[in-house]
Amino acid sequence: MQEIEWSKLSFGYYPTAWNVRCYYRDGKWGEIEETQDTNISMHMAATCLHYGQEAFEGLKAFKGKDGKTRLFRVEENALRMNRSCEGIMMPEMPVELFTEMVTKVVKLNIDYLPPYESGASLYIRPLVIGTGPQVGVRPANEYLFIIFVTPVGPYFKDGFKPTPMAILRGYDRAAPLGTGTIKVGGNYAAGIKAGHIAHEKGYSAVLFLDAKEKKYIDECGPANFFGIKGNKYITPKSESILPSITNKSLMQVAKDLGMEVERRPIPVEELAEFDEAGACGTAAVISPILRIDDLDDNHSYVLAKEGEAGPVCTKLYNALRAIQYGDAEDKHGWVTIIE
């Protein structure tokens with residue numbers, strides 16, 4: 001393989017050697033297949049192409065100072081993928097199958113696992129798609145579950161540094177009672193245009209508001225939102241938010257650090273009361289927010305007063321990463337070590 005400059009990796013696709021696959025046919029999942037083929041052959045009437053029958057996950061593998069390879073909360077990803085599958089009528093898969101395939105694909109591509117303290121990690125992308133042909137809005141009878149990996153750097157190019165975000169009220173990420181709470185591509189497609197507009201204006205992401213009333217904070221495009229007020233970690237409660245595993249973990253870490261955690265609707269105006277805020281997810285872990293500009297009412301909320309990440313965001317970020325890399329005790333059994 002070509003020598004990789006780990007510290008220069010961005011968050012994007014870098015080709016690796018192997019992927020693993022499993023087909024669902026005749027009402028059951030088949031055997032795990034290993035392949036170096038990066039293409040998928042499917043029928044032109046496959047339901048994933050016409051009716052959006054697809055769901056995906058994102059998790060990471062980390063190399064610790066001790067040389068061991070660690071997966072972070074792999075069971076939570078398996079359970080969330082099953083919730084996504086159930087939501088759009090695709091067959092769920094055993095957690096054991098999901099975990100075995102993740103472990104196998106990491107082992108097959110172990111040469112692409114970035115070294116400790118390189119600032120990079122191995123991103124793991126599980127994907128399930130409807131491959132059976134249908135003309136008519138119905139579930140497929142055949143599916144493909146595939147997992148590939150790619151080494152990645154920070155999601156936002158500036159890494160753990162505050163970036164500005166924008167509120168664009170003319171766009172919604174997901175409808176209440178729709179698919180916002182499950183990880184399907186349609187949610188991300190809905191935000192592409194708004195994200196492009198925000199990037200063109202110099203913002204790192206869009207802070208979406210609730211689609212019903214445009215009064216409450218929902219998500220930061222590809223990530224969950226949280227705000228810090230004194231000793232409180234506050235994150236939105238909504239019918240449209242994807243339950244982030246990183247956010248769930250940070251809520252527990254915040255409690256471990258003696259903070260009070262609130263999950264509730266957050267009015268836009270409350271942004272003025274936060275000491276710090278961040279976007280959190282698998283890709284970025286935490287991306288501190290510099291300020292949020294409401295482009296419709298010409299108002300700006302400054303959240304990184306000195307232009308640097310605040311002390312609480314920094315403490316939470318370091319605490320979670322220490323668990324992921326094996327530098328801190330795994331009190332909650334979140335880490336799986338690959339032997």
Side-chain angles (χ1 to χ4, degrees), residues 1-22 32-36 38 56-81 93-127 145-155 159-160 244-246 248-250 252-253 280-286 317-339:
M1 59 177 276
Q2 184 179 352
E3 188 172 339
I4 301 172
E5 293 187 77
W6 305 107
S7 63
K8 294 185 178 179
L9 282 174
S10 61
F11 192 92
Y13 178 74
Y14 186 98
T16 52
W18 296 88
N19 62 83
V20 295
R21 307 179 181 200
C22 185
I32 299 172
E33 301 174 13
E34 304 169 7
T35 180
Q36 292 186 303
T38 56
F56 67 99
E57 274 299 322
L59 64 157
K60 286 180 177 179
F62 305 88
K63 189 167 189 175
K65 187 189 298 184
D66 56 9
K68 294 180 179 178
T69 303
R70 290 170 169 83
L71 301 173
F72 186 69
R73 308 205 73 172
V74 61
E75 278 197 19
E76 284 290 328
N77 285 97
L79 293 171
R80 188 170 67 177
M81 175 160 265
M93 64 204 64
V95 171
E96 296 77 16
L97 173 64
F98 184 100
T99 304
E100 182 182 355
M101 289 179 66
V102 168
T103 302
K104 186 180 287 289
V105 76
V106 171
K107 283 184 174 181
L108 287 168
N109 293 286
I110 201 68
D111 290 343
Y112 296 90
L113 179 67
Y116 178 74
E117 285 192 333
S118 63
S121 55
L122 189 68
Y123 186 77
I124 305 162
R125 171 53 58 86
L127 170 72
F145 179 35
I146 186 167
I147 308 181
F148 65 87
V149 300
T150 184
V152 296
Y155 186 81
F160 186 68
S244 162
I245 294 166
T246 303
K248 184 177 181 180
S249 304
L250 285 170
Q252 183 59 59
V253 169
C280 61
T282 298
V285 185
I286 291 176
Y317 177 80
N318 289 336
L320 187 58
R321 281 175 58 84
I323 296 169
Q324 292 174 331
Y325 281 94
D327 293 334
E329 182 186 357
D330 178 23
K331 297 179 185 177
H332 305 289
W334 290 343
V335 172
T336 300
I337 296 176
I338 296 180
E339 303 294 347

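Note: hydrogens, waters and symmetry copies are ignored here, and every other heavy atom, side chains too, is used.
With contacts defined as side-chain heavy-atom distances shorter than 4.5 Å, the pair Pro126/Met101 does not qualify. Between Leu113 and Val149, the closest side-chain pair of non-hydrogen atoms is not below 4.5 Å. Two residues are said to be in side-chain contact when any heavy atoms from C-beta on lie closer than 4.5 Å; Leu71 and Ile124 meet this criterion. Using a 4.5 Å heavy-atom threshold, the side chains of Thr150 and Arg125 count as separate.
Using the six-membered ring where Trp is involved, Phe72 and Trp334 have ring planes that are perpendicular, over 60° apart on the 30 and 60° scheme. Between Phe160 and Tyr317, the ring planes are parallel. Angles under 30° get that label, and only those over 60° would be called perpendicular.
When all heavy atoms of Lys63 and Pro115 are compared, the pair lying nearest together is CD-CA, 4.3 Å. For Leu79 against Val95, the heavy-atom pair with the smallest separation is CD2-CG2, 3.9 Å. Pairing each heavy atom of Val152 with each of Gly12, the nearest pair is CG1-O, 3.7 Å. The two residues Gly281 and Ser244 have their closest heavy-atom pair at CA-OG, 4.2 Å. Smallest separation of non-hydrogen atoms from Phe98 and Ile147: O-CD1, 4.4 Å. For the pair Arg70 and Gln324, the tightest heavy-atom approach, listed with the atom from each and the gap, is CD-O, 3.6 Å.
Summarising the local packing, CD of Glu75 is surrounded by 12 or fewer heavy atoms from other residues, nucleotides or ligands at distances under 6.0 Å. The environment of Gln36 atom CD is dense: over 12 non-hydrogen atoms of other residues, nucleotides or ligands sit within 6.0 angstrom.
Side chain to side chain, Thr35 and Arg21 fail the donor-acceptor criterion of an N or O pair below 3.5 Å.
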Exercise. Just do the side chain to side chain contact (heavy atoms under 4.5 Å, CB included) check on Tyr123 and Thr282 with the steps written out, would you?
Key: CA-CA 9 Å; Tyr123 186 77; Thr282 298; 4.1 Å; yes
